[in-house]
Structures are given as structure tokens and as C-alpha cells.
Amino acid sequence: MAEKTKFNDLLLKALSKERIGRPPVWLMRQAGRYMSEYRAVRSRVSFTELCKTPELACEVTLQPVEILGTDAAILFSDILIPLEPMGINLSFNPAPVIHNPVRTKKDADALTTGDPAKELPYVYETIRLLVKKLNVPLIGFSGAPFTLACYIVEGGGSKNFLEIKKLMHNQPEVYNLIMNKLTESTRDYLQNQIKNGCQVVQIFDTWAGILSPAEYREMVLPWVKTLTDSLTGAHVIYFVKDGATYFDDLKILNCSGMGLDWKIDIAEADKLLGGKYCLQGNLDPALLFTDKPTIKRFAEDIIEKGKQAPGHIFNLGHGIMPETPVENVKYLVDLVKGML
Ligand code: CP3
């Protein structure tokens, strides 16, 4: 990267609910296969190696910041990488596969929590390298305990999430043991990311939306609350996909930002969330496969509605997809930045 220019702190200002001229913009999964520059690096190493090699992880983290001009960088890693030191045997194909699913008390007892500072040194090294180079904030991240539990109990992705649902209700003590361990290790992991230089951390609860509001409230939210209450020194953004039916309950969370998928209007979400949070979102990533006038129409509507919230960070409602045309992504970022 060229000489460091003035630090762009729009993201931090939005999260602090300061009045700013336009929303900052970054995109979930902004580094990835839709970019030829990513595919070039990825053709030389496996995904796991990429995550574990600080120079390469740093390079792909910087790609969208340099090519698209986003207002934030997100650490390149994966939510499942910190499960390895807990005893999880993981591979990416590219979808994740867990070869030793956790389904009994014995399996849950065998999960180790340990000291992630010692066990994930490459993550912290990547963060330190990035902070030296970036002139935008660095977002660290983790999976939320429930989403991580879904992966380790199901053994990978799932269609109907029967294993985790059976476990929650048939063996609640095993479920709680797993959630307790995941909450503890996630807290240490995120706090170490903050210590090494991340100014913001996002907690991805990709699968929490599979539950009923009562299940979410009783069996998931308390763990998220424990986790978010324990983090200090950075802004926290919590993102639940398909979570709009939980918003009334989410008001108890003390975080700065709340991520929205595309199924709810920002103005409506702000009302349901009590006007408490900087809202992040929420363009349907599929719209990036349409044309510029369509992208413009929906993005401008989101920007307008975002003005009603105490803060707004422009983002997609979920991760960018591998076949997305880069030209449309660049167009979207320029549009939000008021450059068109
Ligand atoms: O740019 C960024 O956002 C940072 C990198 C990042 C990745 N995964 C890289 C990745 C982040 C923040 C994630 C989070 C993640 N990983 C989530 C939460 C966000 C979401 O999408 O809901 C989840 C559920 C995962 C689990 C995961 N990892 C899946 C389902 C897959 C396969 C999906 C696919 O795209 O094929 C992965 C692999 C993965 N993680 C890739 C990347 C770039 C593709 C691997 C490759 O290059 O072969």
C-alpha cells in the first residue's frame, strides 16, 4: 500500500452514533472468490493455509480495501478456524466439514478451551501486520456460540438442523456445556483480537434464525449477552441472519451495532430495536447480479431509511457470493461513497 494517508474513521464514528455525511461502507465476505486477485493467491495455497499464513491473509484482507475502496477491512480468516485448537478436526471443501461431530457428554467434555493467544498466533500476527498498513479500521470477528455449536454438532452445514435441535432439548446439560465452552473461548479469542489492534469486532450468528423466538430467548440470547457484556476496548456488532423476529429481545444487548439481513426495512428495524443501535446493512447480495439502475434504486432506499437510525453502516444483508460481478460491487461502493 502507498504512504499512509489520513486515517478514515467513518466506521468508528457511525458506531459511536456521531452525525456523519454519509454511511461508511464495507461488505460481509468482501475478500473472496468473486475477485480474481483473491483467486490468484488461493490457487497457490489451500484455504486453511491461507488463513494460517499471516503475509497471505494480510494480502487478501487488503485486496477489497484497495480495489473497492471500502471504509473498513475485515480480518481474513474463518469463524471455524478457532475450533481446531479446541479439538475439532476440520476441513474446507470449500464448504466446511467437521470430521468429529460433538453429540455426547463425552464429546463435549473433550473440547478444550485453553489459551487461544498461544494456539492461534497466526491470527494475531495477521492483525498486527494489518494495523501497520491500514488507514481504515480493522474489524475482527468470530462466530457466535450458537452458530459454532451448529457446525460442531451437525458436523458441517445442515438443511434442517435436527442434530442441534435434538441436543438442545434432549440433552440440555450437554448443550449448555458446549455453549459454555464456546462462549468462553470466543470471549478470549475476540478479546485477544482487540488487544492486537482490531477496533471493531463482529459476531456472526448465521444460524440462530432457525429457532423459534422462545428457543432463541431462553437458550441462545443469554450466551450472547454474556459474551458481549464481557468484551471491552472495541465496538461490537452482532449479526443474526433471519433474526428480525427476535429484535424485541435483542434490545438487552449492550453492543454498538446490529447487523440486519435484507428481509426487514432499516426504519422498521430501528423501531423494533428501540432506536438503540447503529444499524448495519442491508442490501440483498443477490441484487449485485442485476443491473446498475436496480442496485442504485435499492441502495438509495436503504441509505434514505438508514438516516432514521442513530447510525448506519452500509453493508449487504449477508455475505457476497462467489460469482458476483466485481464491476457491480465497485459500483455499489462508489454509489454509497457519493462518488457517482
Ligand atoms: O472477507 C471476509 O468477510 C473475511 C473472511 C471470512 C470468511 N468466512 C472467508 C471464507 C469471514 C468473515 C467468514 C465468516 C464465515 N464463515 C461465516 C459467517 C458469515 C456468513 O457467511 O454467514 C460462516 C457461516 C462461515 C463458514 C464457512 N466458511 C462456509 C459456509 C464456507 C464455504 C462457503 C463458500 O463460500 O463456499 C467457508 C469457507 C470460506 N470462508 C471461504 C472464504 C473466502 C471460501 C473458501 C475458499 O476460498 O475456497
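Start at 1 and go down the list; that is how both ligands and their atoms are numbered. Note that the structure is a prediction, hence the values are computed from the model and not measured.
- Taking a 6.0 Å sphere around CD of Glu323, one finds it holds 12 or fewer heavy atoms contributed by other residues, nucleotides or ligands.
- Ile20 belongs to a hydrophobic cluster whose other members, connected by ILVMFWY side-chain contacts under 4.5 Å either directly or through intermediates, are Leu10.
- Between Pro310 and Tyr277, the closest side-chain pair of non-hydrogen atoms is not below 4.5 Å.
- Ring to ring, Phe76 and Tyr38 are close: their centroids are under 6.0 angstrom apart.
- The shortest side-chain heavy-atom distance between Tyr175 and Lys166 does not fall under the 4.5 Å cut-off.
- Contact shell of ligand 1 (protein heavy atoms, cutoff 4.0 Å): Arg29, Gln30, Ala31, Arg33, Tyr38, Arg42, Phe47, Ile74, Leu75, Phe76, Ser77, Asp78, Ile79, Phe92, Pro94, Ala95, Pro96, Phe141, Tyr151, Phe204, Thr206, His318.
- When Tyr189, Phe204, Trp26 are each tested for a ring pair (Phe, Tyr, Trp, His ring centres under 6.0 Å) with Phe141, only one passes: Phe204.
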